[in-house]
Every structure is written in structure tokens, then in C-alpha cells.
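Take a look at the structure below.
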Number of protein chains: 2
Amino acid sequence: MNKPTVHSPEAAALLKLDNQLCFPLYAASRMFTKAYQPLLQELDLTYPQYLVLLLLWEHGERTVKQLGEELLLDSGTLTPLLKRMEQRQWLTRRRDLRDERSVIIGLTESGQQLRERACAVPAALLEKLDMPEAEFNQLRTQLKHLLTLLA
Amino acid sequence: MNKPTVHSPEAAALLKLDNQLCFPLYAASRMFTKAYQPLLQELDLTYPQYLVLLLLWEHGERTVKQLGEELLLDSGTLTPLLKRMEQRQWLTRRRDLRDERSVIIGLTESGQQLRERACAVPAALLEKLDMPEAEFNQLRTQLKHLLTLLA
DNA sequence: TTCGATTTGATTGTGCGCAATTAAATTTCA
DNA sequence: TGAAATTTAATTGCGCACAATCAAATCGAA
């Protein structure tokens with residue numbers, strides 16, 4: 001089996017945007033976030049901030065480390081993001097008394113209440129997408145599998 | 001048909017990260033870019049810069065507008081990115097003499113030559129992924145379809 | 001117990017990504 | 001033709017995203 005080279009037709013084909021997996025992934029991810037934007041703007045949230053709230057609504061308090069593991073984001077991204085959310089009084093940041101290295105993120109009253117306004121967001125996006133449920137579920141499953149290959 | 005509310009089980013389920021399509025898309029996109037990173041670093045390229053070069057290698061000269069349409073990026077992203085690539089002498093920027101509003105992006109000699117080193121990148125990523133070709137192709141097709149729904 | 005290794009977050013610096021605005025060139029059409 | 005509308009980039013400002021580094025707390029083995 002010969003390896004493709006720059007001179008081989010295979011290598012040239014692989015260098016075309018149209019044959020790649022990563023580009024539609026990259027573009028669709030940005031377009032999806034853009035589809036969220038008008039809905040999230042009403043809540044004064046960005047998409048990554050919304051993701052943090054999803055986890056807090058679902059699980060209650062989380063350490064920065066846990067949020068990072070679940071969202072695949074590091075402290076260089078999360079620390080300033082969480083500080084902005086703290087300033088807006090949606091969440092609180094405090095050191096774990098049993099292990100002062102950890103910072104525990106919790107919801108404020110406003111943060112809890114935001115959930116009621118956010119509950120309309122996923123359904124609105126589903127409607128925007130207008131994708132058959134079977135296709136949606138299959139794509140979600142495949143993306144989760146891809147993620148296990150990459151993470 | 002009742003609309004889901006925050007109190008309904010459906011709405012609560014939709015607010016879980018695990019049931020969403022956008023999050024695995026968002027996470028997989030970032031992890032994919034991270035998988036490219038060590039390979040692109042050898043070429044002194046970021047992933048979006050690599051995308052620009054893919055188009056220039058494939059099509060030759062492109063205006064900023066064309067690059068923006070093909071990559072779904074706007075001038076606020078492309079202009080500084082292209083200026084950095086110009087500084088590194090991979091491409092040239094010049095006004096279209098027939099329409100001074102347009103800026104034409106072309107490859108330098110170094111930019112052309114970079115193609116030979118980049119041709120190994122897609123195959124290396126495929127190997128890293130180690131995904132059956134059928135699954136790869138199906139996922140790519142579905143993501144392209146998703147992109148048409150979103151773009 | 002103590003000191004080296006590990007864990008955890010914070011900080012710094014660079015590069016996107018995008019909304020909003022501006023400015024210049026071109027096109028349109030009255 | 002000439003003013004208004006449109007097109008195209010550039011600029012500005014803000015928020016991620018992440019590599020690299022640092023500092024503090026904790027853990028663990030000798």
C-alpha cells in the first residue's frame with residue numbers, strides 16, 4: 001500500500017475542504033452557536049456561560065475542575081468566564097474549606113431563577129433546526145462517539 | 001399538544017447536556033482542532049490559517065469576500081488573520097484594480113511550497129481518528145446536511 | 001515528619017470569532 | 001449626470017480558547 005504524497009491524486013483530494021470531516025464540524029459548531037445567540041442574548045448569556053448553567057442546574061454545586069472535565073475546558077477559559085458570571089450575580093465562587101485548592105461554584109437565587117426563562121431555549125432551537133428526530137438522535141450519537149475518539 | 005415548561009419532565013430533559021446536539025458538536029470541534037495542533041505547529045499554522053491555505057492551494061487567488069463565504073467567517077476574523085499570514089510571507093494582499101473595494105489574496109512562493117509539507121496532515125489525522133471509512137463518510141455527509149440547515 | 005511530587009486554580013499572552021460601526025468604492029436609477 | 005443605496009474591507013471592543021507558567025495547598029513515601 002503506497003502512502004499518498006502531494007503528487008498523488010489521493011493526497012490532493014484529502015487536501016480539499018469538501019472531503020474533510022473537521023471543517024463541517026467546525027463550521028456547524030459556530031453556526032449552531034450563532035443560532036443560539038439571539039435566544040441567549042435575551043438572558044444576557046453567551047453559549048459557554050449557558051453550558052456552565054446547564055451543569056449547575058442539573059447537578060447543583062460544581063468545582064472548577066469538575067466543570068472543566070465536563071465541558072472539556074481549562075481554567076484559562078473558565079476562571080475569567082466564571083468571574084464575569086459572578087459579577088452578574090448568577091453564581092458564587094468560594095474555596096472548599098476541606099481542600100483550599102478547589103473552588104466551588106454555586107448558583108445564586110438569580111441563577112436558579114434564570115432556569116425558568118432558559119427552559120424555552122432548547123425547544124426553540126429544535127424548532128429552528130427542523131430536523132427529523134431520528135436524524136437528530138443518530139447525529140447526536142455519532143458525535144458523542146467521535147468525541148470519545150478525540151477526547 | 002402541550003408545550004414543555006420548566007416543570008415538565010420533557011423540558012428538564014432538554015436542558016441536560018447529555019441530550020443536546022450542540023454540545024458534542026462544540027466539544028468535538030475543539031478537540032478536533034486540538035488534534036490538528038501538533039501537526040500544524042510544525043508548519044507554524046493555526047487551524048483557521050490552514051483552512052485559508054487549503055482554499056488557496058485548491059483554487060488559487062481568492063478575494064477576502066470569497067474566503068469569507070467559503071469558510072463562513074467575516075472580515076473581522078479574516079482581515080487580521082490574513083495580515084498575520086502576509087507578515088509570515090505565505091500570502092499577498094492587493095486591491096483588485098477593476099474593483100478597489102475587493103482585496104485579492106494570493107500565495108507567495110513559500111505559501112505554495114508549504115503545500116508539500118501539509119499534504120501529510122490529513123492522512124495523519126485520519127490515522128489518529130482510526131474511524132471506519134463508512135462511519136467517517138456518513139458523519140461527514142450528515143454534518144454537511146446539518147450545515148445547510150444552519151447556514 | 002518532612003520534603004519532593006502532585007493537584008488545583010490563577011495568570012499571561014496570542015489568536016480567533018463576531019457584533020457593530022466606519023469608510024471607501026461602486027452601482028443604480030431617477 | 002448625480003445623489004442614494006449597495007458592496008466590500010477595515011476597525012473596535014469583548015469574550016472565549018488554549019498553551020505556558022506560576023503559586024499555593026495537599027499528598028505520599030522514605
Side-chain angles (χ1 to χ4, degrees), chain A residues 22-23 26-42 44-52 62-69 71-88 90 93-105 150-151, chain B residues 22-23 26-42 44-52 62-69 71-88 90 93-105 150-151:
Chain A
C22 189
F23 174 68
Y26 161 78
S29 173
R30 289 185 294 108
M31 293 306 105
F32 218 132
T33 303
K34 211 178 280 192
Y36 269 103
Q37 204 272 339
L39 295 162
L40 293 180
Q41 186 166 26
E42 305 225 348
D44 263 311
L45 288 173
T46 65
Y47 182 67
Q49 290 171 6
Y50 170 72
L51 292 178
V52 166
R62 274 336 218 188
T63 64
V64 173
K65 177 180 168 58
Q66 286 175 318
L67 292 174
E69 283 172 353
L71 299 177
L72 303 175
L73 292 170
D74 75 0
S75 70
T77 300
L78 285 175
T79 296
L81 181 153
L82 294 169
K83 283 183 174 173
R84 281 188 289 273
M85 294 180 77
E86 183 188 31
Q87 283 193 335
R88 302 210 172 178
W90 289 320
R93 300 166 67 250
R94 60 190 163 80
R95 289 282 165 182
D96 185 339
L97 295 179
R98 290 180 305 278
D99 185 343
E100 293 275 353
R101 291 172 305 179
S102 296
V103 170
I104 299 176
I105 307 299
L150 290 167
Chain B
C22 189
F23 173 68
Y26 160 78
S29 173
R30 288 186 295 108
M31 294 305 105
F32 218 132
T33 302
K34 212 178 278 192
Y36 270 102
Q37 205 273 339
L39 295 162
L40 293 180
Q41 186 166 27
E42 306 226 348
D44 262 311
L45 288 174
T46 65
Y47 181 68
Q49 290 170 7
Y50 169 72
L51 292 178
V52 166
R62 279 327 221 191
T63 65
V64 174
K65 177 180 169 57
Q66 286 175 318
L67 292 174
E69 284 171 354
L71 299 178
L72 302 175
L73 292 170
D74 76 0
S75 69
T77 301
L78 285 175
T79 296
L81 180 154
L82 294 170
K83 283 182 176 174
R84 282 188 289 273
M85 294 181 77
E86 184 188 31
Q87 282 192 336
R88 302 210 171 178
W90 289 320
R93 300 165 67 250
R94 60 190 163 80
R95 292 280 165 181
D96 185 339
L97 295 180
R98 289 180 306 277
D99 186 342
E100 293 274 352
R101 291 171 304 181
S102 296
V103 170
I104 299 176
I105 307 299
L150 289 167

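All values derive from a computational prediction rather than experimental measurement. Both backbone and side-chain heavy atoms feed into the values below; hydrogens, waters and symmetry mates do not. Residue numbers start from 1 in every chain, and the chains themselves are labelled A, B, ... in the order their sequence lines are given, proteins ahead of strands.
- In this structure, A:Ser29 and B:Ser29 approach most closely via the heavy-atom pair CB-CB, 3.9 Å.
- For A:Arg30, the side-chain atoms get nearest to C:dG17 when compared with the rest of D:dA9, C:dG17, C:dA10.
- Comparing D:dC18, D:dT11, D:dA10 against the side chain of B:Val103 picks out D:dA10 as the nearest.
- Side chain of B:Arg88 to backbone of B:Asp44: a donor-acceptor contact under 3.5 angstrom is found.
- Here B:Asp99 lies in heavy-atom contact (under 4.0 Å) with sugar-phosphate atoms only.
- A sub-4.0 Å separation between OP1 or OP2 of C:dA10 and a side-chain N or O of A:Arg93 is present.
- Protein atom OH of A:Tyr36 is 16 Å distant from nucleotide atom P of C:dC18, rounded to whole Å.
- Here the side chain of A:Arg84 pairs no donor or acceptor atom with the backbone of A:Gln49 at under 3.5 angstrom.
- Here B:Thr46 reaches the OP1 or OP2 of C:dC16: one of its side-chain N or O atoms lies under 4.0 Å away.
- The 5' end of DNA chain C is approached more closely, in terms of each residue's nearest nucleotide, by A:Thr63 than by the other of B:Gly76 and A:Thr63.
- Side chain of B:Arg62 to main chain of B:Ile105: no donor-acceptor pair is present (N/O by atom type, distance under 3.5 Å, no hydrogens or angles).
- The local environment of CD in B:Glu42 is sparse, with at most 12 non-hydrogen atoms from other residues, nucleotides or ligands closer than 6.0 Å.
- Here the P atom of nucleotide C:dA19 and the OH atom of A:Tyr47 are 16 Å apart, to the nearest Å.
- At a threshold of 4.0 angstrom between heavy atoms, the contacts of B:Thr33 with the nucleic acid are absent.
- An OP1 or OP2 oxygen of D:dA9 is reached within less than 4.0 angstrom by no side-chain nitrogen or oxygen of B:Lys83.
- A sub-4.0 Å separation between OP1 or OP2 of D:dC16 and a side-chain N or O of A:Gln49 is present.
- A distance-only check finds a donor-acceptor pair linking the side chain of B:Arg95 to the backbone of B:Arg101 [under 3.5 Å].
- The side chain of A:Asp74 lies closest to D:dC18 when the candidates are D:dA17, C:dC18, D:dC18.
- In this structure, the CG atom of B:Leu78 is 14 Å from the P atom of C:dA19, given to the nearest Å.
- Classified by interplanar angle (parallel below 30°, tilted 30° to 60°, perpendicular above 60°), the ring pair A:Tyr50/A:Tyr47 is tilted.
- Atom C1' of nucleotide C:dC16 and atom CG of B:Leu71 are separated by 13 Å, given to the nearest angstrom.
- OP1 and OP2 of D:dA17 both lie 4.0 Å or more from every side-chain N or O belonging to A:Thr77.
- Between A:Arg84 and D:dC16 there is a side-chain N or O to OP1 or OP2 distance below 4.0 Å.
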Below 3.5 Å between N/O atoms, which protein atoms pair up with nucleotides 5-7 of chain D? Just atom names and distances, please.
unit_1, atom_1, unit_2, atom_2, d
D:dT7, O4', B:Arg101, NH1, 3.4
D:dT7, O2, B:Arg101, NH1, 3.2

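- When the side-chain nitrogen and oxygen atoms of A:Tyr26 are compared with OP1 and OP2 of C:dG17, one or more of them lie within a distance under 4.0 Å.
- If you check every strand for non-hydrogen atoms under 4.0 Å, B:Leu73 touches sugar and phosphate atoms only.
- What separates NZ of A:Lys34 from P of D:dC16 is a distance of 17 Å, to the nearest Å.
- With distances taken from any side-chain atom of A:Met31 to the nucleotides C:dG9, C:dC18, D:dA9, the minimum falls on C:dC18.
- If you measure from atom CD1 of B:Ile105 to atom C1' of D:dA9, you get 10 Å, rounded to the nearest angstrom.
- The 5' end of DNA chain D is approached more closely, in terms of each residue's nearest nucleotide, by A:Pro80 than by the other of A:Arg98 and A:Pro80.
- In this structure, the CZ atom of B:Arg94 is 14 Å from the P atom of D:dA10, given to the nearest Å.
- One can place CG of A:Leu81 at 16 Å from P of D:dC14, the figure rounded to the nearest angstrom.
- For A:Gln41 and C:dA19, the shortest distance from a side-chain N or O to OP1 or OP2 is not below 4.0 Å.
- Applying the 3.5 Å distance criterion, the base of C:dA10 shares a donor-acceptor pair with the side chain of A:Ser75.
- The shortest side-chain heavy-atom distance between B:Pro48 and B:Thr77 does not fall under the 4.5 Å cut-off.
- Ring pair B:Phe23/B:Tyr26 is tilted by interplanar angle, where 30° to 60° counts as tilted.
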